[in-house]
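First the structure, in the form of C-alpha cells, and then the observations on it.
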Amino acid sequence: MSEIRSLSAVEILDSRGRPTLLAICQLSNGAWGQASVPAGASTGANEALELRDGDAQRHDGLGCLQAVANINGEINDALAGRRFESQADLDHFLIELDGRYNKARLGANAILGTSLAFCRAQASQRNAPLYAHLAQMAGLRPRLPRPMVNLFSGGAHAGGQVAVQDLQIVVPSAPTIGRVLEVTADVFRAAGKIVYDRYQMRLLTADEGGLAPSFESSERMLHAAVEAIEAAGYRPGLDVALTVDVAASQFCTDGSYHFDGAEQDAAGMTETIASWAQRYPLISVEDGLDQADWIGWQSLSARLAQKMMILGDDLLCTNPARIQRAIALKAANSLLLKVNQIGTLTEALTALRLARDAGWKVVVSARSGETEDDWLADLAVGWAGDYIKVGSITQSERLAKYNRMLVLEQMDGLSLSG
Ligand code: PGA
Ligand code: ZN
C-alpha cells in the first residue's frame, strides 16, 4: 500500500533534441521516484496517443507543456492523498481518469510518466532495486536479456537512404553482457572502416547511434554487415547474427510498398525477406509488412516462423487486443514490447503475459527518441525479456541501458538469457 503525496513533471529534451517529460512521484512516507518518457519516430498508427502541444511557435509543435500541466494539475489533484495497493491499482485509476481508449485526453506520455515514477517510488519504498520490484510484480525470475545492437540505419531513423530502418547484430553465444559488448564494439569498428573506405563517410550516426551511409540498397546494408562481422574476425551466424527492423508501415501506401526505388506488393516483400533469410544470418525480421496487413503477416509467418522471429512492433503496438488477434491468426511469433505504445506498465504486463502464454519470444525495446534514464534496462531484466533493443553503443542515452546491465551482471550476479 502506498499513499501518494504529490505528482509533478518537467518538460525535458530527448536524444533528438525534442521535448518529452520527466515525472516525479512523492509518497507520503518520504519515498519517491522519477522517470523520463521516450518517444518514437516511426510511431505505429495504433499506439496510445502521445500528447503534443501543436504550437508551431515552440519546438515545431512538439512541446509537451500540456502533458506536463496534466500531471501537475489534474493527475496530481486526483491522486494526491490517495492510497494504491499496487501498480495495477494505480494504472487502472489512471486509465479511468483519462477515459479514452487511447489515452488521448491526458496523454499517454503523461500517464506513462506517472505509472513509471510510481513504480520507482514503490521500489524505493520497498528498498528493492527497480528490476527486482518489477520481477516481483510480474512473478518472474529476473535475467539479463541478450542485446540486439543497432549497427546500420536507414528509413525514418536516418533520412531514408534505404527502406530498411534498422539493422542490428546479436552475439548469440557470448556468455556475458560484457563479452557481447566487446564483440559488438569490434564489429562496429570494422563497420566504421568499411563505411569510411567505401562511402567516404565518417562515424556520423543515425537516431539510434547506428551508421547510415548511402547504401545502394537494403540488400547492400545486409551485405556490409556480414563483411563487418568477417573483417572483425567473427563467423557470420555462428558468432554474430543479424536482425532487421524493416518498419514497412513507413513505406507502404494502400497495400503498395515503395521499397528501395521499386514498387512491391505484400507477396513481393515476403519473397524479398525470404531470400534474405536464405542468404544472410538473419534470426529476426521486425515489421516486415504493413501494420494493417494481417493477411500478409499470416503468409510471412507461414513461410518463415519456423526459421526465425517474426517480430511485431507497429503490427502489435504492445496492445493486448492486437496481440490476441495475432496469436489467433498466427500472424507473428514474437512481441516487441514498448511500454509507451500502450501507456501503462500494467497493460504492458498483460501484453507480455499473452505473448508468453502463446510461446512467443519477447524483445523489450527503447524508442528512437530516448533519454539518459535507464529504467528500460530494469524492465527488460525484471520481466525477463529474451532480447533488449536499445540502439547502438555510441550514445549515452543507449549506453545508460547497456551500462546498467553491466552493473547488474557484475554486482547482482544476474545471468544472460541463453
Ligand atoms: P521508433 O523506432 O522508436 O522510432 O518507433 C523504433 C522501432 O521501430 O523499433
Ligand atoms: Zn520497429
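These values consider heavy atoms only, across backbone and side chains, with no hydrogens, waters or symmetry-generated copies. Position 1 is the first residue of the sequence, and the numbers go up from there. These numbers come from a predicted model, not from an experiment. Both ligands and their constituent atoms are indexed starting at 1 by order of listing.
Of the charged side-chain nitrogens involved, at least one lies within less than 4.0 Å of a carboxylate oxygen, so that Arg120 and Asp374 count as a salt-bridged pair. For the pair Lys401 and Asp373, the salt-bridge criterion is not met [side-chain N within less than 4.0 Å of a carboxylate O]. Under the 4.0 Å criterion applied to side-chain N and carboxylate O atoms, Asp60 and Arg52 are not assigned as salt-bridge partners. Salt bridge absent: Arg58 and Asp55 never bring a charged side-chain N and a carboxylate O closer than 4.0 Å. With respect to Arg279 and Glu219, a salt bridge is recorded, a charged nitrogen being found less than 4.0 Å from a carboxylate O. Between Arg146 and Asp386 there is no salt bridge, since none of the side-chain N atoms of the basic residue sits less than 4.0 Å from a carboxylate O of the acidic one. A salt bridge is defined here as a Lys NZ or Arg NE, NH1 or NH2 lying under 4.0 Å from an Asp or Glu carboxylate O, and Lys389 with Asp245 meets this definition. Of the charged side-chain nitrogens involved, at least one lies within less than 4.0 Å of a carboxylate oxygen, so that Glu47 and Arg367 count as a salt-bridged pair.
The closest side-chain heavy-atom distance from Thr371 to Glu397 is not below 4.5 Å.
Within ligand 1, counting atoms from 1 as listed, the ones closer than 4.0 Å to a heavy atom of Arg367 are 1 (P), 3 (O), 5 (O). For ligand 1 and Asp313, the ligand atoms under 4.0 Å from any heavy atom of the residue are 7 (C), 8 (O), 9 (O). Of all atoms in ligand 1, listed by their number and element, those nearer than 4.0 Å to a heavy atom of His157 are 1 (P), 2 (O), 4 (O), 6 (C). Interface atoms of ligand 1 facing Asp245, defined by a heavy-atom separation under 4.0 Å, are 7 (C), 8 (O), 9 (O). Residue contact check: Gly40 has heavy atoms under 4.0 Å from atoms 1 (P), 3 (O), 4 (O), 5 (O) of ligand 1.
By the 3.5 Å distance cut-off applied to N or O atoms, Ala41 is counted among the residues near ligand 1. Backbone and side-chain nitrogen or oxygen atoms of Arg16 are examined, and none is located within less than 3.5 angstrom of a nitrogen or oxygen of ligand 1. Looking at ligand 1, you won't find any N or O of Asp166 less than 3.5 Å from one of its N or O atoms. Below 3.5 Å of separation, one finds no N or O of Ser365 facing any N or O of ligand 1.
Using a 4.0 angstrom heavy-atom cutoff, Ala247 does not count as in contact with ligand 1.
The N, O or S atom of Asp245 with the smallest distance to the Zn ion (ligand 2) is OD2. No other N/O/S atom of Glu286 lies as close to the Zn ion (ligand 2) as OE2 does. Among heteroatoms of the N, O or S kind in Asp313, OD2 lies nearest the Zn ion (ligand 2).
The protein heavy atom nearest to atom 6 (C) of ligand 1 is Lys338 NZ, 3.4 Å. Nearest protein heavy-atom neighbour of atom 9 (O) of ligand 1: Lys389 NZ, 2.8 Å.
Aromatic ring orientation, Phe251 versus Tyr257: perpendicular (interplanar angle above 60°, classes split at 30° and 60°).
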